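First the structure, in the form of structure tokens, and then the observations on it.
All values reported here derive from a predicted model rather than from experimental measurement.
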Amino acid sequence: MTKTLTIQDFFKCFPTDEACITHLFELRFGADFACPKCGEIGKFRKLAKQPAYTCNCGHHIHPMVGTMFKDSHTPLAKWFYAIYLFTTTRHGVPAKELQRQLGVSYPTAFRMAHLIRDHMASVDGDPPLSGHVELDETYVGGRSHGITGRGAKGKTVVFGMLERGGDVMTRVVPNAKQRTLEPHIVRNVEKYSTISTDEWGAYHRLNKIGYTHGAVNHGKKRYVDGIHHTNSLEGFWSQIKRSIRGTHVHVSPKYLAKYLGEFEYRYNLRHQPHWMFWRLVESF
Ligand SMILES: [Zn+2]
């Protein structure tokens, strides 16, 4: 499926709290789940007015225990709808917006947003990158408006690695020095991959450590040099910056990695928007 999940599709699958709990139970325990107490298979039924199942023998199963919903008093239907929102907006969902749409308190919305972002990051994982990979750093936030470039004060440094036609991966890093960036490259980009960067000195050794490296000289206003450019990654950066400016106003450095994980998740599933939602609700 290449289409985005419509709101009609969503409510058809998850019209009620009951439907969401049933989904969770079936996903986690399944039809051939044997009761841990009596050993019988298929004797579970949903308890009325409780997010729990009971076996004929009286043994209870709480499908939310062991998931991100475990300590939550928020109805599961609201959680599922929040997840739906996270997977269908390009620019992310600020906690204020969740608060409005779900009718929950701001702290609840804030907590939900962070747990959903954590879930997105863990489901996305970090598969190694290969083929042709673009590397670049960017500077996010801070008060020093108008100051850009490396070493800008008060800004958070984010390092990005993007496989053309494949996944993007980001890391919040203390600085953009070679000894900071190189371990991330070695760990996440397969040897013998082709790498494109700009002329920043931190990348000068890449040819020596097993990569085919080419750089474009942005300082001399050269943005493409044969196959070498970092346009895909720069596109990803500008989308994040637009979104942070437009919807989140300010993201503290502490939470930036989580926001980045959210954007990575959507980017990495950009060719299967339908799956953006299903992959999350199939993996609690
Ligand atoms: Zn039983």
Report, as yes or no, whether the 6.0 Å neighbourhood of atom CZ on R270 holds more than 12 heavy atoms from other residues, nucleotides or ligands. yes

Report the residues that fulfil side chain to side chain donor-acceptor pair (under 3.5 Å) with T108, sequence neighbours left out, ordered by chain and then residue number. S105

Going only through I, L, V, M, F, W and Y residues with side-chain contacts under 4.5 Å, is there a path from W200 to V216? no

Could I get the full list of ring pair (Phe, Tyr, Trp, His ring centres under 6.0 Å) partners for H204, not counting sequence neighbours? none

Is it the case that the side chain of N217 and the backbone of E199 share a donor-acceptor pair, with hydrogens and angles ignored and the cut-off at 3.5 Å? no

Using the side chain to side chain donor-acceptor pair (under 3.5 Å) criterion, which residues pair with H184? Sequence neighbours excluded. none

Find out whether I195 and Y203 are in side-chain contact, i.e. whether some heavy atom of one side chain is under 4.5 Å from a heavy atom of the other. no

Using the rule given for side chain to side chain contact (heavy atoms under 4.5 Å, CB included), can you reason through W237 versus T170, listing the C-alpha separation, both sets of side-chain angles and the distance that settles it, and then say yes or no? CA-CA 10 Å; W237 293 148; T170 66; 3.9 Å; yes

For H119, enumerate each residue passing the ring pair (Phe, Tyr, Trp, His ring centres under 6.0 Å) test, keeping only those at least two apart in sequence or located in another chain. F284

Neighbour count >12 (heavy atoms, 6.0 Å) for atom NZ, K177: no

I'd like to check L102 versus W79 (side-chain heavy atoms, cut-off strictly below 4.5 Å). Are they in contact? no

Closest non-hydrogen contact found for Y84 with I7 is OH-N, 3.0 Å

Working to the nearest 0.5 Å, report the span between OG of S243 and OH of Y259. 11.5 Å

Nearest heavy-atom contact between S130 and S193 is CA-OG, 3.4 Å

Decide yes or no for Q272 and L269: does some side-chain heavy atom of the first lie under 4.5 Å from some side-chain heavy atom of the second? yes

Please list, chain by chain and in numerical order, all residues satisfying side-chain contact (heavy atoms from CB on, under 4.5 Å) with N268, sequence neighbours excluded. D124, D167, V168, E264

Of all pairs that satisfy side-chain hydrogen bond (donor to acceptor under 3.5 Å, both in side chains), the ones with a partner from residues 48-65, not counting sequence neighbours: T22-Y53

Side chain to side chain contact (heavy atoms under 4.5 Å, CB included) between H229 and R164: does it pass, once the steps are laid out? CA-CA 11 Å; H229 63 77; R164 286 193 193 160; 3.5 Å; yes

Summary of salt bridge (Lys or Arg N to Asp or Glu O under 4.0 Å) pairs that have at least one residue in residues 6-25, sequence neighbours excluded: E18-K46

Using side-chain heavy atoms (C-beta onward) and a distance below 4.5 Å, is E262 in contact with K258? no

What's the separation between atom CG in L5 and atom OG1 in T87, rounded to the nearest 0.5 Å? 7.0 Å

Taking all atoms of both residues into account, what is the closest heavy-atom pair of A109 and Q99, and its distance? CB-N, 3.7 Å

What residue pairs, at least two apart or across chains, pass salt bridge (Lys or Arg N to Asp or Glu O under 4.0 Å) with a residue in residues 63-88? none

Step by step, work out the side chain to side chain contact (heavy atoms under 4.5 Å, CB included) result for R117 and Y255. CA-CA 10 Å; R117 288 187 189 105; Y255 292 124; over 6 Å; no

If you measure from CZ on R45 to CZ on F25, what distance do you get to the nearest 0.5 Å? 11.5 Å

Suppose we screen for salt bridge (charged side-chain N to carboxylate O under 4.0 Å, His left out). Which residues come up paired with R111, at least two apart in sequence or across chains? none

What are the two closest non-hydrogen atoms of C20 and A77, and how far apart are they? SG-CA, 3.7 Å

Not counting sequence neighbours, which residues clear salt bridge (charged side-chain N to carboxylate O under 4.0 Å, His left out) with R187? List them please. none

Taking F159 as the starting point, is it possible to reach V189 by hopping between hydrophobic residues whose side chains are less than 4.5 Å apart? yes

Would you check if T138 and K155 make a side-chain contact, meaning some heavy-atom pair closer than 4.5 Å? no

Closest heavy-atom pair and its distance - A34, G39: CB-O, 3.8 Å

Non-neighbouring partners of I209 that pass side-chain contact (heavy atoms from CB on, under 4.5 Å), sequence neighbours left out: E182, V186, R205, L206, Y211

Could you give the distance from CG (L85) to CE (M112), rounded to the nearest 0.5 Å? 9.5 Å

Shortest non-hydrogen contact between I21 and P63, atoms and distance: CG2-CG, 4.2 Å

With side chain to side chain contact (heavy atoms under 4.5 Å, CB included) as the criterion, how do F14 and L76 come out once you've worked through the C-alpha distance, each side chain's angles and the decisive distance to 0.1 Å? CA-CA 10 Å; F14 301 110; L76 212 46; over 6 Å; no

OG1 (T67) and CZ (F69) are apart, to the nearest 0.5 Å, by 5.0 Å

Measure the spacing between CE of M161 and CD of E134 and express it to the nearest 0.5 Å. 13.0 Å

May I ask you to test the R266-R90 pair for a side-chain heavy-atom distance under 4.5 Å? no

For the residue pair R171 and E137, establish whether any side-chain heavy-atom pair is separated by less than 4.5 Å. no

Heavy-atom side-chain contact between F86 and L280 under 4.5 Å: no

Do Y81 and F11 have their ring centres less than 6.0 Å from each other? yes

Identify, with sequence neighbours excluded, every residue that meets ring pair (Phe, Tyr, Trp, His ring centres under 6.0 Å) alongside F33. F29, F44

side-chain contact (heavy atoms from CB on, under 4.5 Å) test vs V158 passes for just one of L256, V173, D136, namely L256

Do V65 and V281 sit in one hydrophobic cluster, given that two such residues count as connected whenever their side-chain heavy atoms are within less than 4.5 Å of each other, even indirectly? no

